[in-house]
Enquirer: 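Dumping the structure here so I can ask a few things about it.
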Amino acid sequence: MTLPTPYAEEVLDIVARIPAGRVLAYGDVARLLDRGGPRSVGLVMSRWGGGVPWWRVVRADGTPAGCHAGQALRRLRAERTPLSVDGSRVDMATARWDGRWPARS
DNA sequence: CTCTTGACGCCGG
DNA sequence: TCCGGCGCCAAGA
């Protein structure tokens, strides 16, 4: 297991800040960093995503990525992330994080 | 420097 | 809605 590259550190930092109950698409992370692309982010998550809330990063259409789909859906549901009616994907329209901290009461 | 590899995104059909 | 195809970008060989 090689150490995270500087770019990877930036990606992981963003992911670590996603509030519970909200999500980001791979492409969103890249745009917030204003660097790289969706695939680069995916590559980082596959190698070093284990230390951050990886289930809060999903595809642009709201479906969790790859082999962890089942696990991800479980966790998302557990933290009350808005899901589609059939529960198979995240409701991106309401769950997408804008990069700002949640409004507190 | 070139080529390949992905937990991706978008645009048709 | 569900595919297929092409573009995308960091990393490593």
Side-chain angles (χ1 to χ4, degrees):
Chain A
M1 183 84 171
T2 57
L3 275 66
T5 62
Y7 175 72
E9 294 281 11
E10 295 185 69
V11 170
L12 296 175
D13 184 64
I14 292 286
V15 176
R17 295 179 192 231
I18 305 175
R22 309 298 298 281
V23 300
L24 279 183
Y26 292 87
D28 292 338
V29 178
R31 278 191 293 274
L32 285 174
L33 287 176
D34 195 48
R35 192 175 169 192
R39 312 207 56 173
S40 306
V41 174
L43 184 55
V44 171
M45 291 304 289
S46 71
R47 299 188 61 177
W48 302 288
V52 295
W54 51 265
W55 58 91
R56 293 175 192 156
V57 183
V58 300
R59 290 182 181 149
D61 66 358
T63 61
C67 45
H68 304 92
Q71 282 291 319
L73 252 10
R74 244 193 65 119
R75 287 174 175 280
L76 290 168
R77 189 197 285 281
E79 58 185 47
R80 316 174 126 238
T81 305
L83 299 181
S84 62
V85 184
D86 63 7
S88 68
R89 59 175 53 176
V90 174
D91 178 3
M92 296 305 282
T94 61
R96 194 192 304 263
W97 184 43
D98 56 14
R100 292 174 224 165
W101 294 103
R104 56 199 91 120
S105 53

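Only heavy atoms go into these numbers, but all of them, side chains included; no hydrogens, no water, no symmetry mates. Naming: A, B, ... by sequence-line order, numbering from 1 per chain.
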Enquirer: Which value, rounded to the nearest 0.5 Å, describes the distance between L73(A) atom CG and L83(A) atom CG?
Expert: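 L73(A) atom CG to L83(A) atom CG measures 6.0 Å (nearest 0.5 Å).
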
Enquirer: Give one of base, sugar-phosphate or nothing for A25(A), where a contact means two heavy atoms less than 4.0 Å apart.
Expert: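 Sugar-phosphate contact only.
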
Enquirer: Expressed as a whole number of Å, how far does the C1' atom of dA7(B) sit from that of dA13(C)?
Expert: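 My reading of the C1' atoms in dA7(B) and dA13(C) gives 23 Å.
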
Enquirer: List in numerical order all residues of residues 4-14 of chain A for which some heavy atom is under 4.0 Å away from an atom belonging to DNA chain B.
Expert: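 Output list: empty, so none.
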
Enquirer: Indicate the atoms forming the closest heavy-atom contact of A60(A) with A25(A), along with that distance.
Expert: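 It is CA-CB, 3.9 Å.
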
Enquirer: Can you name the residues that form a side-chain hydrogen bond (donor to acceptor under 3.5 Å, both in side chains) with R96(A), not counting sequence neighbours?
Expert: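 Partners of R96(A) under the side-chain hydrogen bond (donor to acceptor under 3.5 Å, both in side chains) test: D28(A).
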
Enquirer: Test: ring-ring contact (aromatic ring centres under 6.0 Å, His included). Region: residues 4-46 of chain A. Which pairs qualify, not counting sequence neighbours?
Expert: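 ring-ring contact (aromatic ring centres under 6.0 Å, His included) check on residues 4-46 of chain A returns no pairs.
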
Enquirer: Can you name the residues that form a side-chain hydrogen bond (donor to acceptor under 3.5 Å, both in side chains) with D86(A), not counting sequence neighbours?
Expert: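 side-chain hydrogen bond (donor to acceptor under 3.5 Å, both in side chains) list for D86(A), sorted by chain: S84(A), S88(A).
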
Enquirer: Any side-chain heavy atom of M92(A) within less than 4.5 Å of one from D61(A)?
Expert: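 Sidechains of D61(A) and M92(A): no contact.
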
Enquirer: Report all side-chain donor-acceptor pairs from residues 11-19 of chain A shorter than 3.5 Å, counting only partners two or more places apart or in another chain.
Expert:
{"residue": "D13(A)", "atom": "OD2", "partner": "R17(A)", "partner atom": "NE", "Å": "3.2"}
{"residue": "D13(A)", "atom": "OD2", "partner": "R17(A)", "partner atom": "NH2", "Å": "3.3"}

Enquirer: Apply salt bridge (charged side-chain N to carboxylate O under 4.0 Å, His left out) to E79(A) and list each qualifying residue two or more places apart in sequence or on a separate chain.
Expert: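 Here the qualifying residues are R56(A).
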
Enquirer: Which residues satisfy the ring pair (Phe, Tyr, Trp, His ring centres under 6.0 Å) test with W54(A), sequence neighbours excluded?
Expert: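 W54(A) satisfies ring pair (Phe, Tyr, Trp, His ring centres under 6.0 Å) with H68(A) only.
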
Enquirer: Of all nucleotides in DNA chain B with an atom under 4.0 Å from a non-hydrogen atom of chain A, which is the first and which the last going 5' to 3'?
Expert: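 First-to-last contact on DNA chain B, by the 4.0 Å heavy-atom rule, is dG6(B) to dC10(B).
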
Enquirer: Just jot down the side-chain hydrogen bond (donor to acceptor under 3.5 Å, both in side chains) partners of R75(A), sequence neighbours excluded, or say none.
Expert: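 Here no residue qualifies.
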
Enquirer: Start at the 5' end of DNA chain C and walk down; is the nucleotide closest to R89(A) or to G37(A) reached first?
Expert: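 Nearer the 5' end of the strand: R89(A).
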
Enquirer: With heavy atoms of chain A within less than 4.0 Å as the criterion, where does contact along DNA chain C begin and end?
Expert: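 Taking any atom under 4.0 Å from a heavy atom of chain A, the span is dG7(C) to dG12(C).
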
Enquirer: Suppose the criterion is side-chain hydrogen bond (donor to acceptor under 3.5 Å, both in side chains): which pairs have a residue in residues 32-42 of chain A, not counting sequence neighbours?
Expert: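 Every side-chain hydrogen bond (donor to acceptor under 3.5 Å, both in side chains) pair that includes a residue of residues 32-42 of chain A, provided the two are not neighbours, is E10(A)-R35(A).
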
Enquirer: Just by modelled atom types, is the T2(A) backbone N or O under 3.5 Å from a matching donor or acceptor in the W48(A) side chain?
Expert: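 The answer is yes, because a donor-acceptor pair under 3.5 Å joins these two groups.
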
Enquirer: Can you list, in residue-number order, the parts of residues 52-63 of chain A that come under 4.0 Å of DNA chain C, counting heavy atoms only?
Expert: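 The stretch gives none, as no residue of it lies under 4.0 Å from the strand.
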
Enquirer: Can you give me the closest heavy-atom contact between P82(A) and A95(A), atom names plus distance?
Expert: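 That would be CD-CB, 3.8 Å.
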
Enquirer: Tell me which of G36(A) and W48(A) sits closer to the 5' end of DNA chain C, going by the nucleotide each one is nearest to.
Expert: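 Final value for this comparison: G36(A).
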
